[in-house]
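Working notes, beginning with the structure itself.
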Amino acid sequence: MLDIKFIREHPDLVKEGIRKKGDVDRIDEVLLLDKKRREVIQKTEALKNQRNVVSEEIAKIKKSGQDAIQAISEMNKVKDEIKSLDNELRKIEEEFNNLLLTIPNVPHPSVPEGHKPEDNQAIFSWGKLHPEYIGVNETDFEPKPHWELAEKLDIIDFGTGVKVTGAGFPFYKNRGAKLQRALINFFLDEAHGKGYIEIQPPLMINTASATGTGQLPDKEDLMYVVNRDELYLVPTAEVPLTNLHRDEILSEKDLPVKYCAYTPCFRREAGSYGKNVRGLNRLHQFDKVELVKFVHPGTSYNELEGLRSDAEALLQKLNLPYRVLLMCTGDMGFTQSKKYDLEVWAIGQKCWLEVSSISNFESFQARRINVRFRLAGGKPEFVHTLNGSGLALPRIVAAIIENYQTPEGKVIVPKVLHKYTGFEVIG
RNA sequence: GGAGAGGUGUCUGAGUGGUUGAAAGAGCCGGUCUCGAAAACCGGUGUACUCGAAAGGGUAUCCAGGGUUCGAAUCCCUGCCUCUCCGCCA
């Protein structure tokens, strides 16, 4: 969430940001409630002060052996007033906090304004023209989409997934399963090499954690819920990783703190349909290695570029053609101030697949989860948080299958994975 | 799941209704001493909200939420968590 003080002092700037994101502007409501809230606070605190002073007097009177009936009956009235004001305040604060949680983060000035996919800027691409690119050349033969190849090679079984669980829960088999495991290990090892601490987080999260990273209160529909225990299946490792330091004060010299984690991710994806859910393109359960950073506010945009290049390096090592999109204001999430998407080219489908989303949240999440650091000799201040996928597995698998297919329907394994897979070709 | 014990500041740990934001010690910061360091000694050392231009006030905070009381870290209820024992289990 945003700092109420910041909103109070820069209402126009915040409104402008909301407008750019295409969200509903409720800033005037926030400010009105804030005013009401502070008025009630002042009233109750004055009464509480009176109560404290008189109570102390009563103590003295009683000690001296005298009667304090007069003062006590007076305080009985004050007590009731305090109670009713406290109730009023509680209601106002609840409303105020809920409203504040729905105010989106303000976009960074460098983010292009727009609301359509075309407004996202492709700022970099890497691929076929690169001398190291060794993938398929579509002039040689007509490349197939990954689901056809995968079924034929018996490495992914979509039908059995439907039987056992439902659509979007495939079985990986044989060298397909091994390829998954190889990619996870490759990604984790690379992250470790870049100084990310490896974590195996819980796969279920509670309400507070989901609220902290912004999945709640609005986006409950995207998660699977375990009602009986009030838990959610992780939609991304971002949630447990970012909440790892909830309510903590980090020490300045420890920043930046960098974590990586592999987890399955569970998403309901309600409302998805059509060809962009075919095969591995959109699943309810998928594997992902996630990167999260807690950083000094002054460095967060540098750290964002660092995160981006860490993720890009993986694609380059896998020799997969990709492009980098700087996402426009309207395509950015609720919590982000700047976001890049990495999209890999899937030659069989002839489309771009998003494999990583790299964001700076500035202090937006940190304020929700209350993660601060202490300035040398000074007051605690909120850190900035960032995250990025490094990377999401299924679409990488799809891209490998499609871009490394041979005319005979085999798939060549990218060189960097050989030591993890133990084989160099599938089929 | 059953039975018991317990949750106090950065940490250890006192405190069972009235100057308790909270003893004491450790840690940390500053100072004295020292060529320098250690030791010793002296001083300082939570957070949030709120009023205020500031200085400086005020309120809250001893796991969380309710309750009793003029007044609660202290009494009562509920929840969460930790520990011990039993059961179950990979």
Side-chain angles (χ1 to χ4, degrees), chain A residues 1-9 30-101 200-212 216 226-232 240 243-255 257 264 294 363-383:
Chain A
M1 68 184 130
L2 294 173
D3 185 1
I4 180 60
K5 284 180 196 153
F6 182 80
I7 297 176
R8 229 184 268 154
E9 284 159 26
V30 170
L31 291 174
L32 196 72
L33 266 176
D34 177 47
K35 199 173 156 223
K36 235 164 92 184
R37 173 183 147 261
R38 285 189 290 161
E39 279 165 10
V40 178
I41 286 176
Q42 283 174 48
K43 273 194 232 164
T44 53
E45 293 197 343
L47 286 176
K48 284 178 182 173
N49 179 232
Q50 190 190 347
R51 179 186 66 189
N52 290 347
V53 171
V54 176
S55 287
E56 210 170 297
E57 281 167 15
I58 290 172
K60 276 185 203 145
I61 293 170
K62 286 206 164 175
K63 240 180 206 162
S64 69
Q66 285 172 294
D67 202 359
I69 287 179
Q70 174 89 34
I72 289 177
S73 79
E74 222 173 280
M75 280 306 99
N76 265 321
K77 274 184 242 155
V78 173
K79 186 166 92 166
D80 292 342
E81 269 183 80
I82 290 177
K83 197 181 261 182
S84 83
L85 277 174
D86 264 346
N87 277 331
E88 192 186 336
L89 181 62
R90 194 179 312 141
K91 277 186 212 142
I92 294 172
E93 296 229 283
E94 199 187 328
E95 200 186 335
F96 172 74
N97 286 328
N98 288 341
L99 185 55
L100 203 55
L101 283 176
Q200 277 200 30
L203 300 181
M204 293 195 222
I205 49 169
N206 58 29
T207 310
S209 296
T211 307
L216 295 180
V226 184
N227 275 320
R228 188 170 172 169
D229 300 291
E230 281 190 82
L231 295 172
Y232 299 86
N243 278 281
L244 200 153
H245 288 301
R246 172 143 49 90
D247 293 319
E248 288 181 19
I249 297 179
L250 307 172
S251 117
E252 189 176 15
K253 64 175 178 355
D254 292 339
L255 299 180
V257 181
F294 298 83
S363 59
F364 192 85
Q365 283 182 331
R367 191 167 287 109
R368 283 177 167 232
I369 56 179
N370 192 27
V371 180
R372 295 173 292 173
F373 71 100
R374 194 178 292 283
L375 290 161
K379 290 216 137 206
E381 191 180 318
F382 289 108
V383 298

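Just so we're on the same page: letters track the sequence lines, and every chain starts at 1. Everything quoted here is computed from the prediction, not taken from an experiment.
- The side chain of A:K83 places an N or O atom within less than 4.0 Å of a non-bridging phosphate oxygen (OP1 or OP2) of B:U68.
- Base pairing annotation: B:C81 forms a Watson-Crick or G-U wobble pair with B:G6, both donor-acceptor distances under 3.5 Å.
- B:C33 is unpaired under the Watson-Crick or G-U wobble criterion, no partner having all donor-acceptor distances under 3.5 Å.
- Under the Watson-Crick or G-U wobble criterion, with both distances below 3.5 Å, B:G46 is paired with B:U61.
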Detail all sub-3.5 Å separations between protein N/O atoms and N/O atoms belonging to nucleotides 71-75 of chain B.
unit_1: B:G71; atom_1: O4'; unit_2: A:S55; atom_2: OG; d: 3.2

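- Checking B:U50, B:G58, B:U47 against every side-chain atom of A:E45, the shortest atom distance belongs to B:G58.
- Taking a pair to require two hydrogen-bonding distances under 3.5 Å in either a Watson-Crick or a G-U wobble arrangement, B:G18 pairs with B:C70.
- Residues A:N87 and A:S84 have side chains that never bring a donor and an acceptor to within less than 3.5 angstrom of each other.
- For the OP1/OP2 pair of B:U47 and a distance below 4.0 Å, the side-chain nitrogens and oxygens of A:R372 include no atom meeting the criterion.
- If you check every strand for non-hydrogen atoms under 4.0 Å, A:K60 touches nothing.
- Taking atom P in both B:C63 and B:G15, the straight-line distance is 15 Å, to the nearest Å.
- At B:G52, none of the side-chain N or O atoms of A:R38 fall inside 4.0 Å of OP1 or OP2 (strictly under the cut-off).
- Between the C1' atoms of B:G27 and B:C49, the separation comes to 29 Å (whole Å).
- Contact annotation: A:Q42 side-chain N/O to B:C51 OP1/OP2 distance is under 4.0 Å.
- Look at CD1 on A:I58: it is 18 Å from P on B:G17, rounded to the nearest Å.
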